[in-house]
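First the structure, in the form of structure tokens, and then the observations on it.
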There are 2 protein chains.
Amino acid sequence: MTEAVTRPTLEAVAARAGVSRATVSRVVNGGDGVRERLVERVRQAVDELGYVPNQAARSLVTRRHDAVAVVIAEPETRVFADPFFALQLRGISKELTAHDSQLVLLLTEGRDDHARVGRYLAGGHVDGALVFSLHLDDALPGLIRHAGVPTVFGGRPGWSDGTHRAVYVDSDNRGGARTAVRHLVGLGRTRIAHITGALDQTSAVDRLDGFRDVMADADPRLIVEGDFSPAGGERAMRELLDRCPDLDGVFAANDITAAGALRVLRERGRRVPDDVAVIGFDDMLPVAEQTDPPLTTIRQDIEEMGRLMARLLLRRLDRRNADGEGEQAPDAGDDTAGVVLPTTLVRRASA
Amino acid sequence: MTEAVTRPTLEAVAARAGVSRATVSRVVNGGDGVRERLVERVRQAVDELGYVPNQAARSLVTRRHDAVAVVIAEPETRVFADPFFALQLRGISKELTAHDSQLVLLLTEGRDDHARVGRYLAGGHVDGALVFSLHLDDALPGLIRHAGVPTVFGGRPGWSDGTHRAVYVDSDNRGGARTAVRHLVGLGRTRIAHITGALDQTSAVDRLDGFRDVMADADPRLIVEGDFSPAGGERAMRELLDRCPDLDGVFAANDITAAGALRVLRERGRRVPDDVAVIGFDDMLPVAEQTDPPLTTIRQDIEEMGRLMARLLLRRLDRRNADGEGEQAPDAGDDTAGVVLPTTLVRRASA
DNA sequence: GTGAAAGCGCTAACAA
DNA sequence: TTGTTAGCGCTTTCAC
């Protein structure tokens, strides 16, 4: 039980291999320009001693951390009703792992936490940041720019901070919404309603815009604001049925909203899809496959979004690292403003 | 745009405040034993320069990282069907934040990843680890013990690694299961079935034991193995109805399993709760409140579990830090083996 | 191709 | 109370 109270250092490995610390360092970091024989010897010493580099010491000199912060700034609700973030995290995690980078998770609980996050990012603990779920009035983008950390956003940011270009990955929310509504139209529906998401998020706004693209002259009473939650979906659906009992189609801003709507429709005796066709957005499997009837929806590849965000960030970091080492204005000439991922229609029974 | 290309160091602050680095260090770390006037001056210099301590340099000497790893080792399914982990993470995050510790998230995708996690933990990058969802045959506990990192487990570990005591936080799965089954009994049900969880997890085993505690002489055909998934719930429910058409109560190992069971019951024309009373476990709100009918279930406070795990770990770390600084065998005399959180019955419409 | 030596920014004895 | 000093373990010129 006399556990390795002191972990082996470069020094120890060097001694054992009969070389200098510099050589061990070279081998540990790829081993270029070291004679094959020595590489062997060092590798063996590393194994025998169970040497693992001390990341703190390394960071101190390289100023790299091999760590990326993931900031999820969701005041409350959505995160936990929806496997959304779990999926993104999984995608991100896979990509970071493949790149030997660590994932530092920063969950914020409200405005107060933003300052803490800003401080952390400014503190130079991580090489970059992946930031989610900004709301239009969010202070975070400003803090983040101020922190000067390379950042990729999940979802198009709300630009509350001016016109600065930001790197982001988003789904084709507007195009997907158009597909959804056109599908309802193709089904012969004419009184098509839309339950929006939380309109302080660009995804909700974009989906609404997509709806309007197709239903340019829609009865305004057919649009009701929701908030991406099941309860919001229920409330909105009731309101819609009261206002427009003749509606025959509903495009809900996401699947859990649609699930809420379905319950109200059943409760009110409307058959789906016979009386009212319903379509969601996300294709969140545990939701969409479990509703009654199963939900027709617009699929977006959440995990891939996460992956791509990570990939984009890591590429920037690598480039920056290869370049003039900070001589440049950060990311000057970076023209990758946003990447938009396609969406597809998934037909099930509800529309 | 001439951003602070070099962040201010202790040295810079010291110069500006006209004191030594040591004094600045003292102030930054609490400021005990420094004259008030100097504290003031240093604080001001810190603010003016926007000084943030370099964590790498600090770790290098203190050997502390103010970071904790959270390991979620869930091969596939469950993580993303269930807001379970999101809630735990939130609880953990809150507690760590309050303690100025960072959360490093390690998601594993299968056996291969275990080695990576083991290496990371052994690498001394974090002060401790919080580990979830071990399966009975999991290699992780062994790797973790070998890594020698203080660890708290989420859920009672499966002891595949012998009889070593481990610190863990768990829900009262067995007691909760008893409560559930007794509730069905109290409703006058006599043919009560159980759909188990994945029996390679102790939570599923404990819930099954609880079921048996009450239904000691149950017809063995009334117990069917599930896997904590909706699909598993559906399959199990079909099997149960085929085997025992006369059943009048079902205790499902978790809410999403119960949701699957409810669908099959409806499909087969059984009324709930009139013909068959159904009770779940977890009280996962987005699931339990949204089923038809809403689910009676056993509530466990997931977020609190996360919080408590973090608190336990941090307490151990603090203690270790205060003590003889590693002179002791790690955690000798730590008698906190497991903490079991109570569960409560939540009545809705299904039972 | 390899080694010697100079720090990276900080904390913690130890002196003063 | 405050300052001086010696590293923490590593990478990285710069000689050899």
Side-chain angles (χ1 to χ4, degrees), chain A residues 4-43 45-46 49-67 122-125 127 321-322 325-326, chain B residues 4-43 45-46 49-66 122-125 127 321-322 324-326:
Chain A
V5 122
T6 356
R7 300 200 346 225
T9 68
L10 253 202
E11 184 84 50
V13 177
R16 178 158 199 125
V19 299
S20 72
R21 276 150 54 204
T23 297
V24 177
S25 176
R26 289 182 189 112
V27 172
V28 168
N29 293 294
D32 304 331
V34 177
R35 221 192 310 266
E36 191 56 34
R37 258 181 46 69
L38 283 194
V39 173
E40 288 284 291
R41 258 199 356 239
V42 171
R43 290 249 161 82
V46 165
L49 264 38
Y51 169 75
V52 185
N54 178 321
Q55 179 65 36
R58 180 180 272 174
S59 293
L60 187 54
V61 33
T62 60
R63 287 142 192 294
R64 297 180 58 255
H65 304 271
D66 295 318
H125 303 287
D127 301 322
N321 231 292
E325 285 291 3
Chain B
V5 123
T6 357
R7 300 199 348 224
T9 67
L10 253 202
E11 183 84 51
V13 177
R16 178 158 199 128
V19 298
S20 73
R21 275 151 54 204
T23 298
V24 178
S25 177
R26 289 184 189 110
V27 172
V28 168
N29 293 294
D32 304 331
V34 178
R35 219 191 312 268
E36 191 56 33
R37 256 181 46 70
L38 283 194
V39 172
E40 287 284 290
R41 242 174 41 213
V42 171
R43 289 249 160 83
V46 165
L49 264 39
Y51 169 75
V52 185
N54 179 322
Q55 179 65 35
R58 180 181 274 173
S59 293
L60 187 54
V61 33
T62 60
R63 286 144 191 294
R64 298 178 58 254
H65 304 270
D66 295 317
H125 304 286
D127 301 321
N321 231 293
E325 285 292 2

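Proteins get letters first, then strands, A, B, ... in listed order; numbering begins at 1 in each.
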### Message
Between B:Arg16 (side chain only) and B:Ala45 (backbone N and O only), is there a donor and an acceptor less than 3.5 Å apart?
### Response
no
### Task
Output yes when at least one side-chain N/O atom of B:Arg58 is less than 4.0 Å from OP1 or OP2 of C:dT11, else no.
yes
### Task
Compare side-chain N and O positions of A:Asn29 against OP1 and OP2 of D:dT11 and report whether any pair is under 4.0 Å apart.
yes
### Task
Return yes if the base of D:dG9 and the side-chain atoms of A:Arg7 contain a donor-acceptor N/O pair under 3.5 Å, otherwise no.
no
### Summary
From CG of B:Leu10 across to P of C:dT11 the rounded distance in Å is 6 Å
### Query
Whole Å only: how far is the CD atom of A:Glu11 from the C1' atom of D:dC8?
12 Å
### Task
Could you tell me the separation between the CZ atom of A:Arg35 and the P atom of C:dG3, rounded to a whole number of Å?
10 Å
### Summary
Looking only at C:dG9, D:dT5, C:dA12, the nucleotide nearest the B:Thr62 side chain is C:dA12
### Message
By the definition side chain to side chain contact (heavy atoms under 4.5 Å, CB included), identify the one residue from A:Val19, A:Val27, A:Val28, A:Val24 that meets it with A:Val13.
### Response
A:Val24
### Task
May I ask you to verify whether the side chain of B:Arg26 and the base of D:dT1 hold a donor-acceptor pair under 3.5 Å?
no
## Note on the structure
From CG of B:Leu38 across to P of D:dT2 the rounded distance in Å is 4 Å
### Task
Give a yes or no on whether the backbone of B:Val52 and the side-chain of B:Arg7 come within a donor-acceptor separation of less than 3.5 Å.
yes
### Task
With the side chain of B:Val34 defined as its heavy atoms from C-beta on, choose the nearest nucleotide among D:dT2, D:dT11, C:dT2.
D:dT2
### Query
Under 3.5 Å, side chain of B:His125 to main-chain N/O of A:Gln55, donor-acceptor pair present?
no
### Query
To the nearest angstrom, how far is A:Asn54 atom CG from D:dT11 atom P?
9 Å
### Query
Between B:Asn54 and A:Arg63, do the side chains contain an N or O donor and an N or O acceptor separated by less than 3.5 Å?
no
### Summary
Of the candidates C:dC8, D:dG3, C:dC10, the side chain of B:Ala57 sits closest to C:dC10
### Task
For C:dA4, take OP1 and OP2 only and decide whether either is under 4.0 Å from a side-chain N or O of A:Arg21.
no
### Message
Among D:dC8, D:dT11, C:dT2, which nucleotide has an atom closest to any side-chain atom of A:Val61?
### Response
D:dT11
### Query
Does any N or O in the side chain of A:Thr62 come within less than 3.5 Å of the main-chain N or O of A:Arg58, such that one atom is a donor and the other an acceptor?
yes
### Query
Does B:Arg63 put a side-chain nitrogen or oxygen below 4.0 Å from OP1 or OP2 of D:dG9?
yes
#### Entry: Value in whole Å for how far the P atom of C:dC10 lies from NE2 of B:His65
17 Å
### Message
Is A:Ser25 close enough to D:dC10 that one of its side-chain N or O atoms is under 4.0 Å from OP1 or OP2 there?
### Response
no
### Query
Between C:dT2 and A:Ser20, is there an OP1 or OP2 to side-chain N/O distance shorter than 4.0 Å?
no
#### Entry: Candidate nucleotides D:dT2, C:dC10, C:dA12, ranked by approach to the side chain of B:Ala22 - the nearest
C:dA12
### Query
To the nearest Å, how far apart are A:Arg41 CZ and C:dT2 P?
9 Å
### Nearest-Å distance for atom pair CZ/P, residues A:Arg37 and C:dT2
10 Å
